[in-house]
Amino acid sequence: MLENISQVLVAGLGNGAMYALVALGFGLVYSVSRYLNLLQGEFVIVGGLVTIWLTEVQKWHLVPAAVVAVIATCVVGMLFQRLTLSPSRKLAPEVALMVTFGGVYVVRGIAMVLFGKDPLSLPSFSGEAPYTIGNVAISTQTFWVVGTLAITSVALWVFFKHSLTGKAMLACAENPNGAQLVGIDLRTMAMRTYMLAAIIGAVAGVVAAPLTSVSYDGGLSAALHGFIAAIFGGLGSYPGAVVGGLVVGLLEAVATGYISSEFKDAVTFGALLVLLLVRPHGIFGSGR
Amino acid sequence: MKQHLPGEGDSRLLFFILIALLAGIFVLFRGNYLFSSMVLAGIYAISVLGLVLLIGLTGQFSLGHGAFVGLGAYASAVLSRHGVPPVLAVVLAVILTTAVATLVALPVVRLRGHLLALGTLALGLVVASVLSGWHSVTLGPSGIPDIAPIAFGPLVIRGEAANYILIWAAALLCLWGALNLWRSDFGRAALAVKRDEDAAAAMGIHVVAVKVKVFALSAAMGALSGALYAHYVTFIAPDRFHINASFELLLAALLGGSGTPYGAVAGAVLLIVLPDIVAPLRDYKVMVYGVIFIAVSLYLPKGLAGTIEYWAGFQARRRAAAKLTAQQAAKEGATT
């Protein structure tokens with residue numbers, strides 16, 4: 001029973017790290033631009049699909065394929081932001097959310113045409129043989145995903161702490177008017193934040209592709225899991241997003257292992273509903 | 001500034017024009033292959049009307065409205081499978097769904113706008129996964145076949161013509177109710193909540209109560225449309241009520257316009273016509289839907305019905321102003 005539990009928890013860890021990455025992107029855009037970007041899940045899907053297409057169909061090596069996938073996703077995000085959400089016009093948060101909801105279907109529609117309707121998958125980066133500790137088998141890809149989460153978190157911390165752009169972004173999140181007064185261009189910052197979120201999403205898509213097969217219509221589900229994670233930790237809180245993602249992944253794994261895989265969505269989204277009611281600002285969030 | 005409300009001008013006339021149009025379609029196109037689309041349009045009109053009330057009255061957005069349509073359809077289908085007469089099953093399904101919606105709404109409507117929208121999206125996914133996962137009751141992903149048609153005593157509502165009359169009668173009844181509700185004290189209170197929650201509360205409006213009531217009403221309409229759908233098509237499967245269905249309903253509500261209940265009828269008809277228009281695009285359909293959705297949210301906040309109404313009002317005001325200046329000129333001409 002005990003090793004059973006650890007097996008379940010390990011299974012949840014990989015997905016949880018992926019959700020945490022999505023939640024980080026969610027929080028970034030929300031803290032600077034104050035809207036919820038449902039497209040965050042599409043970034044994951046685009047990153048994953050482009051990598052798979054380049055490596056499996058075009059027979060590229062994994063590394064350049066991943067780099068191109070991340071750049072492509074970043075361009076997609078930038079175009080979408082420029083064409084629709086660009087803060088030159090002030091959108092109500094509900095309207096912005098609607099626009100990203102429509103964007104999900106635009107990206108999904110294009111992905112369906114380019115990559116087909118069948119779910120695709122990528123072989124694990126370091127071989128299919130799992131790593132075993134005692135009775136617990138861990139897919140090697142789990143280490144990749146968790147490692148990526150750790151590196152991304154540290155990189156973000158350094159970026160916000162030590163780079164001028166990062167500090168400017170924090171200033172925009174803290175006080176948009178004040179930031180503008182000291183000469184920070186909000187439009188540029190909103191755009192850079194959006195691109196950064198797209199990059200993080202794409203990276204999550206690339207490393208998580210071998211864990212879960214990638215399908216053109218999986219973005220909304222990924223976005224919602226990431227959103228649950230972001231809400232759990234408090235929107236805009238970066239440590240919160242990481243903890244939230246892991247909790248959601250583990251919760252889902254426990255629900256799959258002990259209730260039924262068909263009800264795993266019901267359990268996690270039900271948990272989101274309960275959480276939104278009890279603590280709409282998240283476990284670590286401040287009541288803003 | 002006086003708040004422009006639908007139904008204050010010639011909305012009654014519009015209502016009778018609509019009835020005449022529907023009767024004309026019935027007489028002229030009963031045998032046509034497009035006729036079944038018009039039956040579906042009636043079903044859509046009811047659920048879209050629920051969304052239009054939610055968005056138009058209290059300014060709440062639901063990304064998971066398909067959940068209530070699905071609950072209504074399944075509750076009615078499951079009840080009638082277990083021997084409940086279909087009419088009673090429809091009524092019970094609506095009551096049941098409204099009860100569920102109220103329970104969910106009581107805490108959820110307290111969330112701010114975009115968080116509510118995501119809460120409803122989550123609800124939509126929960127319901128979809130329960131509908132396909134709860135095999136013993138819903139028969140799983142393959143769906144429920146052979147649902148009994150609605151019958152009033154010996155009169156069985158079967159076939160397109162009979163369903164057309166029943167469904168559009170229900171839709172018109174809901175529309176009439178919505179038009180009256182919009183003009184009622186309650187409607188005005190809800191519009192005040194949409195405009196400014198704090199000001200509405202300061203005026204003595206119980207904001208949460210108003211929001212919960214509108215949410216429950218919109219869920220009830222969704223359930224009614226779902227139940228009528230189940231007994232009309234006699235077969236339902238969970239994928240009909242998935243998040244894509246919610247997306248289409250919201251698209252119809254935004255496209256038709258949420259400023260007036262007529263927007264729901266316009267949106268529903270557009271939703272039915274749209275697949276035929278975009279049919280040549282085949283695989284690009286999803287993308288085009290998304291583009292339309294974005295364009296409407298950004299550039300057409302009033303929707304088609306609202307925009308037409310606005311321009312009609314604009315023209316009427318311009319004519320009135322022209323008449324006034326002409327009168328004044330005549331008066332001045334007489335005095336000099």
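Treat the numbers as computed from the prediction; the structure is a model and nothing was measured. Here is how names work: the chains are called A, B, and so on, in the same order as the sequence lines, proteins then strands, and each is numbered from 1.
Of residues 239-246 of chain B, those residues with a non-hydrogen atom less than 4.5 Å from any non-hydrogen atom of chain A are, in numerical order, B/I243, B/N244. Taking 4.5 Å as the heavy-atom cut-off, the residues of residues 123-133 of chain B that approach chain A are B/L123, B/L125, B/V126, B/S129, B/V130, B/G133, ordered by number.
In this structure, A/R108 CZ and B/Y289 OH are separated by 14.0 Å, a value rounded to the nearest 0.5 Å. Interatomic distance, CE of A/M98 versus CG of B/L63, reported as 4.5 Å (0.5 Å rounding). Separating the CE atom in B/M287 from the CE atom in A/M112 is a distance of 10.0 Å, to the nearest 0.5 Å.
Contact of A/I228 with chain B is not made at all, since no heavy-atom distance falls under 4.5 Å. At a 4.5 Å heavy-atom cutoff, A/Y216 makes no contact with chain B through either its backbone or its side chain. Only the side chain of B/L250 comes within less than 4.5 Å of a heavy atom of chain A; its backbone N, CA, C and O stay farther away.
A/V113 pairs by the side chain to side chain contact (heavy atoms under 4.5 Å, CB included) definition with B/D283, B/Y284, not counting sequence neighbours. Legend: residues meeting salt bridge (charged side-chain N to carboxylate O under 4.0 Å, His left out) with B/E197, ordered by chain and number and at least two apart, are B/K211.
When the candidates A/L224, A/V267, A/V95 are compared by the number of heavy-atom contacts under 4.5 Å with chain B, A/L224 comes out ahead. Between chain A and the options B/S297, B/P301, B/G140, B/A295, the largest number of non-hydrogen pairs under 4.5 Å is found for B/S297. Note on A/A96, A/G103, A/G102: by heavy-atom pairs under 4.5 Å with chain B, the leading option is A/G102.
Between A/F101 and B/F293, the ring-plane angle classifies as perpendicular under the 30° and 60° cut-offs.
Between B/V286 and A/Y105, the closest heavy-atom pair is CG1-O, 3.5 Å. Between A/V99 and B/I294, the closest heavy-atom pair is O-CG1, 3.6 Å.
Residue B/K302 qualifies as open at atom NZ: its count of foreign heavy atoms under 6.0 Å is 12 or below. Taking a 6.0 Å sphere around OH of B/Y74, one finds it holds more than 12 heavy atoms contributed by other residues, nucleotides or ligands.
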- Message: Between B/L118 and A/L38, is the side-chain contact (heavy atoms from CB on, under 4.5 Å) condition met? List the steps.
- Response: CA-CA 9 Å; B/L118 271 172; A/L38 280 178; 3.9 Å; yes

